[in-house]
Amino acid sequence: MALRWKGGLKDRDVTDETLWLNRRQMLGGSAGLALAGLAGLAGGARAEAALEPNSWEEITSYNNYYEFGTGKDDPARNAGGLTTMPWSVKIDGLVDRPGDYAFEDILAQMELEERIYRFRCVEAWSMVVPWTGFELADLLDLAGVQPSAKYVAFETVLRPEEMPGTAYRVLDWPYVEGLRLDEAVHPLTLMATGIYGRDLPNQNGAPLRLVVPWKYGFKSIKSVVRITLTDSQPPTSWNKANAREYGFYSNVNPEVSHPRWSQASERRIGGGLFAKREPTLMFNGYGEEVAGLYAGMDLSKSF
Ligand code: MTE
């Protein structure tokens, strides 16, 4: 698979963006290979240029995390008060070993990797983010998924005293999301713990958030405290809020417009006021890997 390289990198090994970029240059061969793979994957030179990661500043100051407010700068301003240590994730439902998994115990058993993924919000802006994390499939293996499981449900922490945005019922709290099991165990599906090799900032979903790069950003639920294996499709926050506008699948699809705007193009954050919009890619450019998951489905109906 083209999008990963293993460098044994651990959080805190790299402390700033410049160092991280230098380190990537030093990686030479393997990073070069990963990028060459990406270019092939997503259609040549344009895709390669588009994969220059956004800056730390851009990634951590323009956020959606409604538990801390609906403005793009609210999360960076308000999320500092979220307690992320200690942290544990309850894994329950159709698993052999249900329980509360302490974040440190999870980390000790996971192999962290860097992955540079495109990130496309349903609001038609995009970034490129160098995540640190591990595959969700490996985390689910810790708990042992039972054969009857078909879906995975996720839940964000809910602490009204630390999350000022939850005083407003813009969404039905806690924030919940879900994936089909085959989507959840796909090798592209990541649990992220960092960006640029540093721990995730609270506004980006510390200490642990989902990243599903071929789906609109709202599927990538932040600050996860519970993962439940089920045999029926779980409710998801934006679908509950407005089922006509936000489906369960929410695969990036330039051909299916949001009822209020086109999804055919996107505004790359950091491109400047007069930058040309870029065409949106089917499955956000990851079609070669994931299109098979949806064979035979009408993606305009199952959006
Ligand atoms: N998770 C929670 N718990 N609450 C949220 O409001 N917003 C979603 C997603 N995960 C959100 C969330 C949306 S709409 C997007 S686009 C991404 O987080 C934004 O992630 P970022 O701020 O790290 O770019």
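Whatever order the structure lists ligands and atoms in, that order sets their numbers, starting from 1.
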Peer 1: Within a distance under 4.0 Å of any heavy atom of Asn63, pick out the atoms of ligand 1 and give their elements.
Peer 2: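 This gives 21 (P), 22 (O), 23 (O) as the contact atoms.
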Peer 1: Please say whether the positively charged group of Arg209, taken as NZ for Lys or CZ for Arg, lies over the ring of Tyr65, i.e. under 6.0 angstrom from the six-membered ring centre and within 45 degrees of the axis.
Peer 2: no
Peer 1: How far does CG of Leu136 sit from CG of Leu188, to the nearest 0.5 angstrom?
Peer 2: 12.0 Å
Peer 1: Tell me whether Arg268 forms a cation-pi arrangement with Trp125, defined as NZ or CZ under 6.0 Å from the six-membered ring centre and within 45 degrees of its axis.
Peer 2: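 Geometry flag: not set, cation outside 6.0 Å or 45°.
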Peer 1: Quick one: which ligand 1 atoms are inside 4.0 Å of a heavy atom on Thr156?
Peer 2: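 Listed by number with element: 3 (N).
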Peer 1: Could you go through the side-chain hydrogen bond (donor to acceptor under 3.5 Å, both in side chains) check for Asn64 and Glu123 one step at a time?
Peer 2: CA-CA 10 Å; Asn64 278 334; Glu123 299 161 339; 3.2 Å; yes
Peer 1: With atom 8 (C) of ligand 1 as the reference point, say which of Tyr246, Tyr175, Trp238, Phe68 has the nearest heavy atom.
Peer 2: Tyr175
Peer 1: Salt bridge or not for Arg277 and Glu266, using N-O below 4.0 Å?
Peer 2: no
Peer 1: Please work out which of Gly217, Ser223, Gly69, Pro201 has its closest non-hydrogen atom nearest to atom 17 (C) of ligand 1.
Peer 2: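 Ranked by closest heavy atom to atom 17 (C) of ligand 1, first place is Gly217.
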Peer 1: May I ask you to check if ligand 1 and Gln203 share an N or O to N or O distance below 3.5 Å?
Peer 2: no
Peer 1: Rounded to the nearest 0.5 Å, how far apart are OG of Ser88 and CG of Leu208?
Peer 2: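 So the gap between those two atoms works out to 11.0 Å.
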Peer 1: Look only at interatomic distance and state if Trp125 has a nitrogen or oxygen under 3.5 Å from any nitrogen or oxygen of ligand 1.
Peer 2: no
Peer 1: Working note: Tyr175 + Tyr66, criterion ring pair (Phe, Tyr, Trp, His ring centres under 6.0 Å); need CA distance, chi angles, decisive distance, verdict.
Peer 2: CA-CA 9 Å; Tyr175 196 100; Tyr66 278 17; 8.2 Å; no
Peer 1: Examine Tyr62 against ligand 1 and note whether any of their N/O atoms are separated by less than 3.5 Å.
Peer 2: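 Tyr62 vs ligand 1: no N/O contact under 3.5 Å.
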Peer 1: Considering both backbone and side-chain atoms of Trp131, is one of its nitrogen or oxygen atoms within less than 3.5 Å of a nitrogen or oxygen in ligand 1?
Peer 2: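 No; the residue has no nitrogen or oxygen that sits under 3.5 Å from a nitrogen or oxygen of the ligand.
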Peer 1: Counting only heavy atoms closer than 4.0 Å, does ligand 1 sit against the backbone of Ser220, its side chain, both, or neither?
Peer 2: backbone
Peer 1: Using heavy atoms and a threshold below 4.0 Å, how should the contact between Phe119 and ligand 1 be classified: side chain, backbone, both, or neither?
Peer 2: side chain
Peer 1: Go through Met282 and Asn253 one step at a time and tell me if the side-chain contact (heavy atoms from CB on, under 4.5 Å) criterion holds.
Peer 2: CA-CA 5 Å; Met282 186 66 201; Asn253 188 341; 3.4 Å; yes
Peer 1: Could you tell me whether Glu123 approaches ligand 1 through its side chain, its backbone, both or neither, with non-hydrogen atoms closer than 4.0 Å?
Peer 2: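 Looking at Glu123 and ligand 1, no heavy atom falls under 4.0 Å.
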Peer 1: So which bit of Glu177 gets within less than 4.0 Å of ligand 1, heavy atoms only: side chain, backbone, both or neither?
Peer 2: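 Under 4.0 Å from ligand 1, Glu177 contributes no heavy atoms.
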